[in-house]
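For the numbers below, each heavy atom of this structure counts, side chains included, while hydrogens, waters and symmetry mates do not.
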Amino acid sequence: MLRAVGCDWVLLGHSDRRNNLGETDKLISDKVRKALDAGMGVTLTIGELPNQRRWGLALPTLRKQLGAAVKVIKPEEWHRIVVAYEPVWAVGEGATPCSPQEAQR
């Protein structure tokens with residue numbers, strides 16, 4: 001349907017859909033596969049919640065989110081994938097950005 005109206009790229013995995021609508025890593029990876037099969041590019045958004053960061057679960061969370069999608073992406077399709085890191089704790093009013101050192105780990 002998106003291709004029919006001229007869309008070439010789709011944003012999947014946004015934190016609002018994960019956290020407010022309950023979209024799972026499995027559902028998002030299924031959508032990634034469908035978008036790629038339709039010839040679209042995918043911007044895959046990953047990011048952790050404030051409590052996940054505080055409890056030292058940021059990297060395991062990101063690995064889990066990205067890992068589900070990696071399983072459905074063929075090596076020759078990576079040129080049609082953009083991974084966007086959007087930590088929920090750093091977005092919106094009152095958010096605190098991380099240090100450059102933390103961003104580079």
Is Leu62 reachable from Val82 through a run of hydrophobic residues whose side-chain heavy atoms are each under 4.5 Å from the next?
-> no

Treat each ILVMFWY residue as a node, draw an edge where side-chain heavy atoms are under 4.5 Å apart, and state whether Leu66 and Leu36 are in one component.
->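 Cluster IDs for Leu66 and Leu36 match.
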
State the [atom1]-[atom2] distance between [X] and [Y], to the nearest 0.5 angstrom.
{"X": "Glu48", "Y": "Ser15", "atom1": "CD", "atom2": "OG", "result": "10.5 Å"}
{"X": "Leu12", "Y": "Thr45", "atom1": "CG", "atom2": "OG1", "result": "8.0 Å"}
{"X": "His14", "Y": "Asn19", "atom1": "NE2", "atom2": "CG", "result": "10.0 Å"}
{"X": "Ile73", "Y": "Leu44", "atom1": "CD1", "atom2": "CG", "result": "6.5 Å"}
{"X": "Ile46", "Y": "Arg63", "atom1": "CD1", "atom2": "CZ", "result": "10.5 Å"}
{"X": "Arg17", "Y": "Lys31", "atom1": "CZ", "atom2": "NZ", "result": "4.5 Å"}

Can you name the closest pair of heavy atoms from Trp9 and Ile81 and give their distance?
-> CH2-N, 4.3 Å

Grab the two heavy atoms, one from Ser29 and one from Ala68, that are nearest each other, plus how far apart they are.
->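 Closest heavy-atom pair between Ser29 and Ala68: CB-O, 3.4 Å.
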
Under the salt bridge (charged side-chain N to carboxylate O under 4.0 Å, His left out) rule, what do Lys26 and Asp30 come out as? Steps first, then yes or no, please.
-> CA-CA 6 Å; Lys26 169 74 169 97; Asp30 289 346; 2.8 Å; yes

Short question: side chain of Gln65, backbone of Gly47 - any donor-acceptor pair under 3.5 Å?
->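 Yes; at least one donor-acceptor contact below 3.5 Å.
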
Decide yes or no for [X] and [Y]: does some side-chain heavy atom of the first lie under 4.5 Å from some side-chain heavy atom of the second?
{"X": "Val72", "Y": "Lys34", "result": "no"}
{"X": "Thr61", "Y": "Leu49", "result": "no"}
{"X": "Arg18", "Y": "Ile28", "result": "yes"}

Apart from Leu57 itself, which Ile, Leu, Val, Met, Phe, Trp or Tyr residues share its cluster (side-chain heavy atoms under 4.5 Å, direct or through members)?
->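 Cluster partners of Leu57: Trp55.
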
Apply the test salt bridge (charged side-chain N to carboxylate O under 4.0 Å, His left out) to residues Arg33 and Glu77: give CA-CA distance (whole Å), side-chain angles for both, the deciding distance (0.1 Å), then the verdict.
-> CA-CA 10 Å; Arg33 181 71 262 148; Glu77 293 174 322; 2.6 Å; yes

